[in-house]
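As structure tokens, the structure follows; a few thoughts come after it.
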Amino acid sequence: MKLSKTSKLDGIKSWSLQAIDTCPGSLDNNGNLVPACSGCYATTGMYNFPNVKAPRVFNKEDWKRPEWVSDMVNALKREKYFRWFDSGDMYALELAKKIREVMEKTPNVKHWLPTRMAKFNKFQNIIAEMKALPNVAVRFSSDSIDGQFTKGVHGSTIVNGDNIPEGVKVCEAYNHDGKCNGCRACYDKEVNVIAYPAHGKKMLKVIKLNVVQ
Ligand code: SF4
């Protein structure tokens, strides 16, 4: 399997897939990208570089190997934190089951898994099983880019400007050169909702378009 490190995450490792291609939850009922995914950072810039794309394409086949779970558990032995899906989503139920097994077998690792698969009924049980694990924070991402979310359902939303809803933890990476800088709120299941300020040129364009409409 191929793990990646993004500079934002203080060197914390992640396992990712290609964005959109593996994100059935990114589409609304009419087949259009929801606002949050229209500005997806993982479809632009450095995510288009072959060396960034290649491991994501590789991982899409690799997880199907019978040894994948034990290989992941071994790879996470010395880690304290792990981020699933810096890009992409757990598009297949069999993949979700394997991820749950990795989580269960690595109780000393705090896992953060953002997803939109909670939109689909067949994923409800496996997501509930993940959430029941003490070391796992599953964050069902809101589709909104203006801070809307459903309490008790969503674990994250995107905010724009001063439009900060009550009761959320605002990600302050933008105050630290775009890095987490020691913050681990996303991995903390006691933190109910994280609000990410919109970032990236593409997202800013979406917001502009939305404002104009
Ligand atoms: S809330 Fe904290 S852990 Fe999450 S992305 Fe922002 S800085 Fe990193």
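Between Ile126 and Leu93, the closest side-chain pair of non-hydrogen atoms falls below 4.5 Å. Contact of the Trp15 side chain with the Arg83 side chain is not registered, since no non-hydrogen atoms from C-beta on lie closer than 4.5 Å. A 4.5 Å side-chain heavy-atom check between Pro165 and Val159 finds at least one atom pair inside the cut-off. Inter-residue side-chain proximity for Val34 and Leu27 is flagged as unmet; no heavy-atom pair is nearer than 4.5 Å. Using a 4.5 Å heavy-atom threshold, the side chains of Trp63 and Val69 count as separate. For the pair Cys171/Pro197, a side-chain contact is recorded, criterion being any heavy-atom separation below 4.5 Å from C-beta on. Contact annotation: the side chain of Thr115 approaches that of Val138 to within less than 4.5 Å [non-hydrogen atoms, C-beta and beyond]. Leu133 places a side-chain heavy atom less than 4.5 Å from the side chain of Glu104.
Other residues, nucleotides and ligands place more than 12 heavy atoms under 6.0 Å from the NZ atom of Lys189. Dense packing is recorded around NZ of Lys98, with more than 12 heavy atoms of other residues, nucleotides or ligands lying under 6.0 Å away. Atom NZ of Lys64 has more than 12 heavy atoms from other residues, nucleotides or ligands within 6.0 Å.
The structure places CZ of Arg100 at 5.0 Å from CD of Glu129, a figure rounded to the nearest 0.5 Å. Rounded to the nearest 0.5 Å, atoms NZ (Lys105) and NZ (Lys77) are 13.0 Å apart. From Lys169, atom NZ reaches atom SG of Cys183 across 4.5 Å, with rounding to the nearest 0.5 Å. Rounded to the nearest 0.5 Å, atoms NZ (Lys119) and CG (Asn29) are 8.5 Å apart. Here the NZ-OG distance, from Lys2 to Ser16, works out to 14.0 Å after rounding to the nearest 0.5 Å. If you take SG on Cys37 and CG on Asn32, they are separated by 12.0 Å, rounding to the nearest 0.5 Å.
Between Phe140 and the options Val153, Leu113, Thr150, Ile127, a side-chain contact (heavy atoms from CB on, under 4.5 Å) holds for only Val153.
Each of Leu33 and Phe85 belongs to its own hydrophobic cluster when Ile, Leu, Val, Met, Phe, Trp and Tyr are linked at side-chain heavy-atom distances under 4.5 angstrom. In the hydrophobic cluster analysis, where Ile, Leu, Val, Met, Phe, Trp and Tyr join through side-chain heavy atoms closer than 4.5 angstrom, Leu95 is grouped together with Phe120.
Panel note: side chain Asp62, backbone Met1; a donor-acceptor pair is recorded below 3.5 Å. Proximity of a side-chain donor or acceptor of Asp28 to a complementary backbone N or O of Asn30 within less than 3.5 Å is detected. In this structure, the side chain of Gln18 does not engage the main chain of Gly88 through any donor-acceptor pair within 3.5 Å. Panel note: side chain Thr157, backbone Gln148; a donor-acceptor pair is recorded below 3.5 Å. Distance alone, capped at 3.5 Å, places no donor-acceptor pair between the Lys13 side chain and the Lys5 backbone.
Note on ring orientation: taking the six-membered ring where Trp is involved, the planes of Phe82 and His111 are perpendicular (angle over 60°, cut-offs 30° and 60°).
Residues Glu101 and Lys97 are not paired through a salt bridge, judged by the lack of any N-O separation under 4.0 Å between the basic side chain and the carboxylate. Contact check on Asp86 versus Arg56 returns a salt bridge, with a Lys/Arg side-chain nitrogen under 4.0 Å from an Asp/Glu carboxylate oxygen. Under 4.0 Å is where a charged nitrogen must lie from a carboxylate oxygen, and between Arg116 and Asp143 at least one such pair does. Residues Arg184 and Asp10 are paired through a salt bridge, judged by an N-O separation under 4.0 Å between the basic side chain and the carboxylate.
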Exercise. After noting the C-alpha distance and the side-chain angles of Arg65 and Asp71, does the key distance pass the salt bridge (Lys or Arg N to Asp or Glu O under 4.0 Å) rule?
Worked result: CA-CA 10 Å; Arg65 283 186 301 119; Asp71 286 354; 2.9 Å; yes
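The side-chain contact (heavy atoms from CB on, under 4.5 Å) test applied to Lys60 returns Leu17, Asp21, Thr22, Tyr91, not counting sequence neighbours.
Contact between Asn181 and His176 at its shortest, heavy atoms only, is ND2-ND1, 2.9 Å.
With a 4.5 Å cut-off between side-chain heavy atoms of Ile, Leu, Val, Met, Phe, Trp and Tyr, the cluster of Ile194 takes in Leu9, Ile12, Tyr81, Trp112, Tyr187, Val191, Tyr196.
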